[in-house]
Protein chains: 2
Amino acid sequence: MIENDLFKALADPTRRTIFEKLAHGSMNASDLRQGMTISQPAMSQHLAVLRKARLVREERQGRFVNYQVDPEGLALIAGWLAKYRAYWPARIDALKDLLKDMDQ
Amino acid sequence: MIENDLFKALADPTRRTIFEKLAHGSMNASDLRQGMTISQPAMSQHLAVLRKARLVREERQGRFVNYQVDPEGLALIAGWLAKYRAYWPARIDALKDLLKDMDQ
DNA sequence: GAATCAAATAAGTGTGTGCTTATATGTTGT
DNA sequence: ACAACATATAAGCACACACTTATTTGATTC
């Protein structure tokens, strides 16, 4: 169940930090560790969880593995959220503005 | 950290089921148990977690406690998601259709 | 092909989480 | 005040999870 993998992946603050880092630009696993007190295997394990949740994609480049945000995971969350659109009417206008921005 | 409470709350499939039930209409804790093989304390504990995450609101009515979706939690997720809007361009059209539906 | 470096996997450990049963609290009606 | 019912809390337990160190796999360079 992909939805479960998704929310479980995001339930860990360290993984959300990693994801956020990648959102600012793709990086290899070593660079991701910069500024985070985290062992190499821990990072590797977190990335595996994020991969399984489709929040992140890997791409081997020589002996490095470059990681980047996988839009698929975000789209799945957006899809989940959309099911409950009846409950965020106050945010509709804000979202519309957002989409208008994205047109340009 | 509310964001952490949120994703942790949604990481459990039983809680997502409870939330989905409430999205279809507010209910008290007993009615929520209908059709779910789950003890009364377990339900109570799950509701406490959902409450803490602002995904759900309680409202005492006599000796029952009526539960309903709290839009605040959903809005927070939408806010989190919005941070990464750069990564879901492929879904823009689908979202637009969604918003068009919401206009009516 | 041996040395070197990046990343993944294995195995073990402490803590967190979701459940259970038992009990307490809150509210209603007699 | 007491019985009955809805919900919450307490305590304990089994399992999941995030970490660690040690080792393996993958890729480059000499």
Side-chain angles (χ1 to χ4, degrees), chain A residues 1-22 25-70 73 77, chain B residues 1-22 25-70 73 77:
Chain A
M1 200 219 244
I2 181 71
E3 206 165 73
N4 202 50
D5 291 337
L6 250 175
F7 286 117
K8 278 216 153 74
L10 291 171
D12 183 77
T14 305
R15 278 194 292 268
R16 288 199 303 278
T17 301
I18 293 170
F19 182 78
E20 192 144 1
K21 273 195 159 190
L22 287 176
S26 56
M27 273 189 237
N28 60 54
S30 298
D31 290 345
L32 273 170
R33 286 180 63 205
Q34 294 290 358
M36 306 188 67
T37 314
I38 188 177
S39 68
Q40 180 270 315
M43 174 59 75
S44 182
Q45 287 158 16
H46 280 309
L47 287 169
V49 173
L50 290 168
R51 246 185 289 137
K52 198 184 173 204
R54 308 218 202 178
L55 282 163
V56 142
R57 253 210 281 257
E58 68 173 358
E59 188 182 341
R60 250 226 184 250
Q61 280 181 356
R63 52 182 157 188
F64 294 84
V65 177
N66 206 267
Y67 278 95
Q68 58 189 285
V69 167
D70 183 348
I77 297 179
Chain B
M1 202 217 243
I2 182 72
E3 206 167 74
N4 202 50
D5 292 336
L6 250 174
F7 286 117
K8 278 217 152 73
L10 290 171
D12 182 76
T14 305
R15 278 194 292 268
R16 288 198 304 277
T17 301
I18 294 170
F19 182 77
E20 192 145 1
K21 274 194 157 191
L22 287 176
S26 55
M27 272 190 240
N28 61 53
S30 298
D31 291 345
L32 273 170
R33 286 181 63 204
Q34 293 291 355
M36 306 188 67
T37 313
I38 187 178
S39 69
Q40 178 271 315
M43 175 59 75
S44 182
Q45 287 159 17
H46 280 309
L47 287 169
V49 173
L50 289 168
R51 246 185 290 138
K52 198 184 173 204
R54 307 220 203 175
L55 283 163
V56 142
R57 253 210 281 258
E58 70 174 357
E59 186 182 342
R60 234 200 207 265
Q61 281 180 356
R63 51 181 157 188
F64 294 84
V65 177
N66 207 267
Y67 278 93
Q68 59 189 285
V69 167
D70 183 348
I77 297 178

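First the proteins, then the strands, lettered A, B, ... as listed; each starts at 1. Excluded from the calculations below are hydrogen atoms, water molecules and symmetry mates; all remaining heavy atoms, backbone and side chain alike, are included.
- Rounded to whole Å, the distance from CZ on A/Arg33 to C1' on C/dA6 is 11 Å.
- Rounded to a whole Å, the CG atom of A/Asn4 is 15 Å from the P atom of C/dT17.
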Between the protein and nucleotides 12-22 of chain D, list every N/O to N/O distance that falls short of 3.5 Å.
residue: D/dA18; atom: OP1; partner: A/Arg15; partner atom: NH2; Å: 3.4
residue: D/dA18; atom: OP2; partner: A/Arg15; partner atom: NH1; Å: 3.2
residue: D/dA18; atom: OP2; partner: A/Arg15; partner atom: NH2; Å: 3.1
residue: D/dC19; atom: OP2; partner: A/His46; partner atom: NE2; Å: 2.0
residue: D/dT20; atom: OP2; partner: A/Ser39; partner atom: OG; Å: 2.7
residue: D/dT20; atom: O4; partner: A/Gln45; partner atom: NE2; Å: 3.0

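- The separation between A/Tyr67 atom OH and C/dA7 atom C1' is 8 Å, rounded to whole Å.
- The main-chain N or O of B/Leu10 is never found under 3.5 Å from a side-chain atom of B/Arg15 such that the two would form a donor-acceptor pair.
- The CG atom of A/Leu47 sits 15 Å away from the P atom of C/dA6 (whole-angstrom rounding).
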What side-chain donor-acceptor pairs closer than 3.5 Å can you find for residues 28-42 of chain A, not counting sequence neighbours?
residue: A/Asn28; atom: OD1; partner: A/Ser30; partner atom: N; Å: 3.1
residue: A/Asn28; atom: OD1; partner: A/Asp31; partner atom: N; Å: 2.9
residue: A/Asn28; atom: ND2; partner: A/Asp31; partner atom: OD2; Å: 3.3
residue: A/Arg33; atom: NE; partner: A/Ile38; partner atom: O; Å: 3.0
residue: A/Arg33; atom: NH2; partner: A/Ile38; partner atom: O; Å: 3.1
residue: A/Ser39; atom: OG; partner: A/Ala42; partner atom: N; Å: 3.2

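- A distance of 12.0 Å separates OG1 in A/Thr14 from CD in A/Gln45, rounded to the nearest 0.5 Å.
- Atom pair B/Glu58:CD and D/dA8:C1' shows a separation of 10 Å (rounding to whole Å applied).
- Protein atom CE of A/Met27 is 16 Å distant from nucleotide atom P of C/dA6, rounded to whole Å.
- For A/Ser26, the side chain to side chain donor-acceptor pair (under 3.5 Å) partners are A/Asn66, not counting sequence neighbours.
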Listed pairs under 3.5 Å, donor-acceptor, residues 52-60 of chain A side chains, sequence neighbours left out:
residue: A/Glu58; atom: OE1; partner: A/Tyr67; partner atom: OH; Å: 3.4
residue: A/Glu59; atom: OE1; partner: A/Gln68; partner atom: NE2; Å: 3.0
residue: A/Arg60; atom: NH1; partner: A/Gly62; partner atom: O; Å: 3.2
residue: A/Arg60; atom: NH1; partner: A/Arg63; partner atom: O; Å: 3.4

Per-nucleotide protein contact string for nucleotides 24-29 of chain D, where B marks a base within reach and S marks sugar-phosphate only (heavy atoms under 4.0 Å, - for neither): --BSS-
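- Inter-residue side-chain proximity for A/Val49 and A/Lys8 is flagged as unmet; no heavy-atom pair is nearer than 4.5 Å.
- Rounding to the nearest 0.5 Å gives a distance of 9.0 Å between CG of A/Leu50 and CG of A/Asp12.
- Between the P atom of C/dT9 and the CZ atom of A/Arg51 lies a distance of 7 Å, rounded to the nearest Å.
- Residues satisfying the side-chain contact (heavy atoms from CB on, under 4.5 Å) criterion with B/Glu20, sequence neighbours excluded, are A/Lys83, A/Tyr84, B/His24.
- Among all heavy-atom pairs drawn from B/Asn4 and A/Pro13, the shortest one is OD1-CD, 3.6 Å.
- Between the C1' atom of D/dA8 and the CG atom of B/Asn28 lies a distance of 14 Å, rounded to the nearest Å.
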